[in-house]
Amino acid sequence: MNAEFDTALGLIELAREHHMASGNTYEALRTNIGRMGVLDRLGRYQDALDAGDQVLAYVSALHVNEPASDPQQMMNLAARVHQNRGVCFEQMGRYADAVAAYDVAEQNYRSLNTSDAAESIGDVINNRGVILLLLGRGREALAAFEAAAQVYSQVNDVIKNAQTLINIGDAYV
């Protein structure tokens with residue numbers, strides 16, 4: 001909020017170190033979500049993607065080598081990373097990669113099947129619609145925006161629903 005990005009990165013690293021020292025790997029990995037956001041704001045998109053890749057590699061290895069203590073937590077973590085990857089790819093102009101990242105994020109959120117994941121599903125669908133509109137794929141964008149508006153209506157998020165209705169209007173233009 002204060003644009004003190006170096007301070008933010010330092011505090012995120014300190015939090016990661018404390019979580020690792022206490023043996024809480026999940027929380028240590030979760031700090032990479034915040035790191036991705038700060039790096040994205042700094043325009044360091046590849047660094048943000050690398051931070052996300054660290055999380056995805058861990059989650060993948062955990063899935064293969066041993067059962068996760070809480071698979072829902074790991075799925076949520078992976079979904080959030082993919083959602084942030086979509087934002088990075090969009091900023092980089094890598095729209096096909098952004099759409100693919102949002103698709104994976106949506107699948108992961110849907111597999112969680114929780115009320116907390118519902119709003120995130122709306123976010124990734126809406127973001128995908130923005131990219132589709134940029135690519136001139138208006139009908140697909142419109143369908144995405146309408147689906148996002150339906151999600152926001154169901155979770156009673158009036159502000160995001162209104163923003164998505166503006167996107168729907170843009171798709172009709």
Side-chain angles (χ1 to χ4, degrees), residues 1-2 8 12 15 19 24 26-41 45 48-49 51-52 55-56 58-60 62-63 68-92 94-173:
M1 289 176 52
N2 294 325
I12 290 168
H19 287 305
N24 193 338
Y26 170 77
E27 290 297 332
L29 285 170
R30 200 169 67 85
T31 64
N32 276 5
I33 302 298
R35 177 185 307 284
M36 289 179 78
V38 173
L39 293 170
D40 180 63
R41 286 179 186 87
Y45 307 119
L49 291 171
V55 175
L56 295 176
Y58 179 85
V59 170
S60 179
L62 185 64
H63 179 69
S69 58
D70 188 344
Q72 291 282 94
Q73 278 187 329
M74 293 300 159
M75 182 68 71
N76 183 49
L77 193 59
R80 292 178 68 192
V81 167
H82 285 292
Q83 184 174 359
N84 285 358
R85 287 172 55 82
V87 172
C88 289
F89 287 136
E90 182 178 354
Q91 295 299 319
M92 297 169 81
R94 293 172 54 184
Y95 299 128
D97 291 330
V99 169
Y102 289 139
D103 288 346
V104 174
E106 181 184 355
Q107 290 169 6
N108 286 347
Y109 283 129
R110 286 191 187 281
S111 70
L112 290 170
N113 197 27
T114 64
S115 59
D116 293 339
E119 185 174 344
S120 296
I121 290 169
D123 294 343
V124 295
I125 294 171
N126 189 54
N127 288 349
R128 183 174 46 241
V130 169
I131 294 169
L132 292 169
L133 196 57
L134 285 171
L135 294 172
R137 295 164 55 184
R139 291 179 198 265
E140 292 172 80
L142 179 60
F145 294 143
E146 289 173 341
Q150 183 177 13
V151 169
Y152 292 139
S153 179
Q154 290 171 348
V155 299
N156 201 30
D157 191 325
V158 177
I159 293 173
K160 286 186 179 180
N161 192 33
Q163 291 168 334
T164 303
L165 292 174
I166 292 169
N167 291 343
I168 290 171
D170 289 343
Y172 275 110
V173 173

Exercise. Do the non-hydrogen side-chain atoms of Gln150 and Glu146 ever get within less than 4.5 Å of each other?
Worked result: no

Exercise. What residues form a salt bridge (charged side-chain N to carboxylate O under 4.0 Å, His left out) with Asp97, not counting sequence neighbours?
Worked result: Arg94

Exercise. Rounded to the nearest 0.5 Å, what separation is found between the CD1 atom of Ile121 and the CG atom of Asp116?
Worked result: 11.0 Å

For this session: For residues Ala48 and Cys88, report the shortest heavy-atom separation together with the two atoms involved.
Result: CB-SG, 3.5 Å

Exercise. Atom CD in Gln83, atom OG in Ser120: separation rounded to 0.5 Å?
Worked result: 5.5 Å

Exercise. Side chains of Tyr26 and Met74: closer than 4.5 Å at any heavy-atom pair?
Worked result: yes

Seminar exercise, completed: Nearest heavy-atom contact between Gly122 and Ala148 is O-CB, 3.6 Å

Problem set entry | Spacing of Glu27 atom CD and Gln73 atom CD [to the nearest 0.5 Å] | 7.0 Å

Exercise. Of the non-hydrogen atoms in Glu119 and Tyr152, which two are nearest, and what is the gap between them?
Worked result: O-CE2, 3.9 Å

Exercise. Would Tyr102 and His82 satisfy side chain to side chain contact (heavy atoms under 4.5 Å, CB included), going step by step from the backbone distance to the final call?
Worked result: CA-CA 6 Å; Tyr102 289 139; His82 285 292; over 6 Å; no

Problem set entry | Chi angles and distances behind the side chain to side chain contact (heavy atoms under 4.5 Å, CB included) call for Lys160, Gln163 | CA-CA 5 Å; Lys160 286 186 179 180; Gln163 291 168 334; 3.9 Å; yes

Problem set entry | Side chain to side chain, Arg85 and Met36, heavy atoms closer than 4.5 Å | yes

Exercise. How close do Ala144 and Ile125 get, heavy atom to heavy atom, and via which atoms?
Worked result: O-CG2, 3.0 Å

Exercise. If you look at every heavy atom in Glu90 and Tyr95, which pair is closest and at what distance?
Worked result: O-CE2, 3.6 Å

Problem set entry | Working for side chain to side chain contact (heavy atoms under 4.5 Å, CB included), residues Leu39 and Tyr45 | CA-CA 6 Å; Leu39 293 170; Tyr45 307 119; over 6 Å; no

Problem set entry | Close side-chain approach of Asn84 and Asp40, heavy atoms under 4.5 Å | no

Exercise. Do Leu133 and Asp170 touch side chain to side chain, with heavy atoms closer than 4.5 Å?
Worked result: yes

Exercise. Is any side-chain heavy atom of Asn32 closer than 4.5 Å to a side-chain heavy atom of Val81?
Worked result: no

Problem set entry | Any Gln72 side-chain heavy atom under 4.5 Å of Thr114 side chain | yes

Exercise. Do you know the tightest heavy-atom contact between Ala105 and Ala79?
Worked result: CB-O, 3.5 Å

For this session: Test side chain to side chain contact (heavy atoms under 4.5 Å, CB included) on Phe89 and Leu49 and set out the steps.
Result: CA-CA 9 Å; Phe89 287 136; Leu49 291 171; 3.5 Å; yes

Exercise. Applying the side-chain contact (heavy atoms from CB on, under 4.5 Å) test to Arg30, which of Leu77, Asn76, Val55, Asn24 qualifies?
Worked result: Leu77

